[in-house]
*Asks:* 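Pasting in a structure now, in structure tokens, and then I'll have a few things to ask.
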Amino acid sequence: QPYLYRIELLDRFFDMLDNREIVFVRPTCWTDPLENIIYNATLLKNGKPFEHPAKKQIYGQCWSHEGDSYALWQIYTTKANNKGITKRHYGVRITTHIDKLQNITNHNKGNFYYGMVQYLWKKDLDKLPKNKSFITGLKSTSLNHEHLKTLLVKRKSYAYENEVRLLAVPDKKHIDRSKDFLCRLKIKPSEFVTSVRLDPTLPQSDFKLLKDKLVSKYGFKPTQVSQSSLNASNKFILNLD
């Protein structure tokens, strides 16, 4: 499945277009306490709690292979918007292609990766602290691929996300000076975004206005902009004669 999808709030999507950047966050901002082993677990070194230096070097952004999931629309649009208001907001599903990830590498300094999340039953997650190869990778304070792999493990109950994670170890100039848990990476939106699908609950009139804006101001082709049909009315006709 070469396509990647991300559902974002409308206001942040337009920020992305206007600023020509995507924003990665430190994985400490992610919500599941049993994921991100080096971020949320207690690490001991020489018998004392140890703060792994890799925690401040890696940034990530979550995408999915799921094209149009009702669950993902609900989850990823129910959060605080730019004004700090938490509720179900209108959103947009952005599509890109695996090949388009080169766009990030072309316009930014640092090392960039992507990987599929592995969903494990809790009994298998519980075995990780005793996994020798897992621990060996974490022993090094120099950032390595084993540190990145710890960010690709999640509980089985999240498997519906079918998640792909973009990971960055960016040059310092890309880190937000006032909010160092954010990393701002430049992109060319017209090259990075292959299509846009607007919120299923948007009134038709608002959808048309937004589509016109995306075409006239941001250069999208009309065929690149659609609306999710998940909220479409039931038009089935059942003939009981």
Side-chain angles (χ1 to χ4, degrees), residues 3-36 39-40 59-96 117 119 151 154-166 176 178-185 187 189 192-215 217-218 220 224-235:
Y3 288 101
L4 302 179
Y5 307 96
R6 175 174 170 82
I7 293 175
E8 188 56 274
L9 302 188
L10 263 179
D11 56 1
R12 292 182 184 165
F13 170 61
F14 282 106
D15 285 346
M16 182 196 83
L17 296 179
D18 291 334
N19 299 328
R20 301 171 67 83
E21 67 182 18
I22 52 176
V23 180
F24 283 32
V25 301
R26 279 190 186 146
T28 44
C29 299
W30 293 339
T31 55
D32 181 8
L34 289 189
E35 65 178 333
N36 314 331
Y39 287 84
N40 295 326
Y59 294 78
Q61 192 179 68
C62 304
W63 290 67
S64 174
H65 278 319
E66 289 298 322
D68 213 0
S69 161
Y70 180 80
L72 296 186
W73 275 109
Q74 291 296 316
I75 292 167
Y76 284 98
T77 58
T78 305
K79 57 185 177 183
N81 65 0
N82 287 348
K83 296 179 181 178
I85 300 171
T86 300
K87 66 173 187 176
R88 163 63 164 96
H89 302 280
Y90 288 134
V92 58
R93 190 205 73 184
I94 309 161
T95 305
T96 191
V117 170
Y119 297 94
L151 300 175
K154 203 168 183 179
R155 281 186 282 185
K156 194 75 170 180
S157 56
Y158 289 90
Y160 64 88
E161 295 174 337
N162 201 2
E163 192 172 333
V164 179
R165 286 185 169 165
L166 308 187
D176 191 299
S178 60
K179 300 175 181 176
D180 66 359
F181 57 89
L182 300 179
C183 160
R184 301 182 180 277
L185 300 175
I187 58 166
F192 184 74
V193 179
T194 59
S195 68
V196 176
R197 181 164 291 183
L198 292 164
D199 199 288
T201 65
L202 266 175
Q204 189 65 18
S205 57
D206 290 347
F207 163 68
K208 288 181 179 178
L209 287 172
L210 286 170
K211 180 172 181 175
D212 288 345
K213 181 179 179 179
L214 289 169
V215 172
K217 182 177 179 180
Y218 296 101
F220 287 96
Q224 288 180 286
V225 184
S226 63
Q227 182 176 18
S228 170
S229 62
L230 288 178
N231 207 45
S233 60
N234 187 333
K235 295 182 179 179

*Asks:* Do Ser228 and Asp68 have side-chain N/O donor and acceptor atoms under 3.5 Å apart?
*Replies:* yes

*Asks:* Between Lys217 and Asp212, is there a side-chain N and carboxylate O pair less than 4.0 Å apart?
*Replies:* no

*Asks:* Under the criterion side chain to side chain contact (heavy atoms under 4.5 Å, CB included), I'd like the reasoning laid out for Leu198 against Leu10: C-alpha separation, chi angles, the key distance, then a yes or no.
*Replies:* CA-CA 9 Å; Leu198 292 164; Leu10 263 179; 3.9 Å; yes

*Asks:* Say whether, by atom type as modelled, one donor and one acceptor occur between the side chain of His65 and the main chain of Val164 under 3.5 angstrom.
*Replies:* no

*Asks:* Show the numbers, then the answer: is there a side chain to side chain donor-acceptor pair (under 3.5 Å) between Asn162 and Ser64?
*Replies:* CA-CA 5 Å; Asn162 201 2; Ser64 174; 5.5 Å; no

*Asks:* Could you go through Ile94 and Phe13, starting from their C-alpha distance and side-chain angles, then the distance that decides it, and tell me whether this counts as side chain to side chain contact (heavy atoms under 4.5 Å, CB included)?
*Replies:* CA-CA 8 Å; Ile94 309 161; Phe13 170 61; 3.9 Å; yes

*Asks:* Please find the pair of heavy atoms, one from Gln61 and one from Trp30, that lie closest to each other, and give the distance.
*Replies:* N-CZ2, 4.2 Å

*Asks:* Check whether any side-chain heavy atom of Val92 lies under 4.5 Å from a side-chain heavy atom of Arg197, and answer yes or no.
*Replies:* no

*Asks:* From the options Lys154, Arg6, Arg155, select the one residue that forms a salt bridge (charged side-chain N to carboxylate O under 4.0 Å, His left out) with Glu163.
*Replies:* Lys154

*Asks:* Please confirm whether the backbone N or O of Leu202 pairs with a side-chain atom of Gln227, one donor and one acceptor, at under 3.5 Å?
*Replies:* yes

*Asks:* Before giving the answer on side chain to side chain contact (heavy atoms under 4.5 Å, CB included), spell out for Met16 and Val193 the whole-Å C-alpha distance, their side-chain angles and the decisive distance to 0.1 Å.
*Replies:* CA-CA 11 Å; Met16 182 196 83; Val193 179; 3.7 Å; yes

*Asks:* Is it the case that over 12 heavy atoms from other parts of the model lie below 6.0 angstrom from the OH atom of Tyr70?
*Replies:* no

*Asks:* Looking at Asn81 and Ile85, would you say the former's side chain and the latter's main chain have a donor-acceptor pair under 3.5 Å?
*Replies:* yes

*Asks:* Could you give me the CA-CA distance, side-chain angles and deciding distance for Asp11 and Lys83, then say whether salt bridge (charged side-chain N to carboxylate O under 4.0 Å, His left out) is met?
*Replies:* CA-CA 10 Å; Asp11 56 1; Lys83 296 179 181 178; over 6 Å; no

*Asks:* Can the ring centroids of Phe181 and Tyr59 be said to lie less than 6.0 angstrom from one another?
*Replies:* no

*Asks:* List the steps and the verdict of side chain to side chain contact (heavy atoms under 4.5 Å, CB included) for Lys208 and Lys213.
*Replies:* CA-CA 9 Å; Lys208 288 181 179 178; Lys213 181 179 179 179; over 6 Å; no

*Asks:* At what distance, to the nearest 0.5 angstrom, does CD1 of Ile7 lie from CD1 of Ile75?
*Replies:* 9.0 Å

*Asks:* Would you indicate whether the side-chain heavy atoms of Tyr90 and Pro203 approach each other to under 4.5 Å?
*Replies:* yes

*Asks:* About how many Å separate OH of Tyr5 and OH of Tyr76, when rounded to the nearest 0.5 Å?
*Replies:* 15.5 Å

*Asks:* Starting at CD of Glu8, measure out to SG of Cys62 and round the result to the nearest 0.5 Å.
*Replies:* 10.5 Å

*Asks:* Distance from Leu4 atom CG to Glu66 atom CD, nearest 0.5 Å?
*Replies:* 12.0 Å

*Asks:* When you look at Thr95 and Arg93, which way does the side chain to side chain donor-acceptor pair (under 3.5 Å) test go after all the steps?
*Replies:* CA-CA 7 Å; Thr95 305; Arg93 190 205 73 184; 3.2 Å; yes

*Asks:* Please check if the side chain of Thr96 supplies one atom and the backbone of Phe192 the other of a donor-acceptor pair under 3.5 Å.
*Replies:* yes

*Asks:* From Arg20 CZ over to Leu185 CG, what is the distance, rounded to the nearest 0.5 angstrom?
*Replies:* 14.5 Å

*Asks:* For Thr77 and Leu9, which heavy atoms make the closest approach, and how far apart are they?
*Replies:* CA-CD2, 3.6 Å

*Asks:* Measuring only between side-chain heavy atoms, which start at C-beta, is Leu166 closer than 4.5 Å to Phe24?
*Replies:* yes

*Asks:* With a 4.0 Å cut-off on N to O distance, would you call Asp199 and Arg88 a salt bridge?
*Replies:* yes

*Asks:* Over all heavy atoms of both residues, which pair between Leu151 and Arg165 is shortest? Give the atoms and the distance, please.
*Replies:* O-NH1, 2.7 Å

*Asks:* Mind telling me whether Phe14 and Tyr218 have parallel, tilted or perpendicular rings, with 30° and 60° as the class edges?
*Replies:* tilted

*Asks:* Rounded to the nearest 0.5 Å, how far apart are OG1 of Thr201 and NE2 of His89?
*Replies:* 12.0 Å

